[in-house]
Amino acid sequence: IDVSQIKLQTQFLGLEISAPLIVPPMAMQKLAHPEGEVGLARAAHSAGLVYCITQQATTTLETICETAPGPKLFQMYVFRNRAKSEEMMRRAEACGIKAIVITVDSPVLGRRERDLRNKFTP
């Protein structure tokens, strides 16, 4: 088998992407870098990848979509208040988001004692 000419390009949701990878949702990115989610969305686009915006972003969904090119997904939690969830989905739709990624793995957050001591409540 000749592996000297490997091509990772593929399609995802009808989009041509450079590799079968998605930049996953990561919360509160401005804690790590001043550009936060906008910087990562731009980097994903430069690499030819899809970026998944988190509901827990430190930049608004609209700002990320307006200032960073490229296709995006939106990760969100479903609220008991379904109207709030629907409003978030409508905002994502208005921004041109390609798909909604529903997170179901954290119905109850763990007790993070270090965060409590530091008064950090995401």
Side-chain angles (χ1 to χ4, degrees):
I1 298 175
D2 180 9
V3 294
S4 63
Q5 298 293 321
I6 294 176
K7 295 180 182 175
L8 296 176
Q9 297 90 349
T10 190
Q11 286 191 350
F12 175 73
L13 298 175
L15 303 166
E16 295 289 329
I17 58 175
S18 63
L21 302 169
I22 296 170
V23 179
M26 292 174 266
M28 294 176 248
Q29 293 178 32
K30 283 188 178 178
L31 290 175
H33 191 277
E35 288 186 27
E37 294 82 10
V38 170
L40 190 55
R42 287 179 180 150
H45 177 68
S46 293
L49 300 174
V50 175
Y51 173 59
C52 187
I53 301 169
T54 177
Q55 175 184 308
Q56 305 297 337
T58 50
T59 306
T60 66
L61 177 63
E62 292 80 6
T63 299
I64 297 166
C65 293
E66 289 169 8
T67 58
K72 296 168 192 70
L73 310 178
F74 180 61
Q75 171 270 331
M76 64 175 282
Y77 300 87
V78 176
F79 295 99
R80 284 192 178 130
N81 178 346
R82 295 296 195 246
K84 184 174 181 178
S85 297
E86 183 176 347
E87 185 262 332
M88 292 187 82
M89 287 188 272
R90 296 284 175 232
R91 285 176 55 206
E93 181 180 37
C95 288
I97 297 294
K98 293 292 186 185
I100 301 292
V101 178
I102 302 293
T103 299
V104 297
D105 67 343
S106 53
V108 177
L109 294 177
R111 181 174 171 82
R112 299 177 177 176
E113 293 184 15
R114 181 178 296 160
D115 289 347
L116 292 171
R117 277 193 309 274
N118 293 315
K119 295 178 177 42
F120 181 75
T121 53

If I take atom [atom1] from residue [X] and atom [atom2] from residue [Y], how far apart are they, to the nearest 0.5 angstrom?
| X | Y | atom1 | atom2 | value |
| --- | --- | --- | --- | --- |
| M89 | I102 | CE | CD1 | 6.0 Å |
| R91 | E86 | CZ | CD | 13.5 Å |
| E66 | T59 | CD | OG1 | 12.0 Å |
| M28 | K30 | CE | NZ | 13.5 Å |
| L8 | T10 | CG | OG1 | 9.5 Å |

Quick one: list whatever passes side-chain hydrogen bond (donor to acceptor under 3.5 Å, both in side chains) with E93, sequence neighbours left out.
R90
Checking Q11 now: which residues fulfil side-chain hydrogen bond (donor to acceptor under 3.5 Å, both in side chains) with it, not counting sequence neighbours?
E16
Identify whether [X] and [Y] are in the same connected component of the hydrophobic contact network (ILVMFWY, side-chain heavy atoms under 4.5 Å).
| X | Y | value |
| --- | --- | --- |
| I17 | I22 | yes |
| V38 | I97 | yes |
| I100 | V50 | no |
| V104 | M88 | yes |
| L40 | L21 | yes |

With side chains defined as the heavy atoms from C-beta onward, is the minimum distance between F12 and K98 less than 4.5 Å?
no
How about I53 and Q75: do any of their side-chain heavy atoms sit closer than 4.5 Å?
no
Short side-chain to backbone donor-acceptor contact, [X] and [Y], under 3.5 Å:
| X | Y | result |
| --- | --- | --- |
| E37 | Q29 | yes |
| S85 | F79 | yes |
| K72 | G70 | yes |

Identify the heavy atoms of [X] and [Y] that sit nearest to each other, and give their distance.
| X | Y | result |
| --- | --- | --- |
| S18 | A47 | OG-O, 2.5 Å |
| Y51 | A44 | CB-CB, 3.8 Å |
| M26 | V23 | CE-CG1, 4.1 Å |
| L15 | P71 | CD1-CB, 3.4 Å |
| A27 | T54 | CA-CG2, 3.8 Å |
| V78 | R82 | CG1-NH1, 3.2 Å |

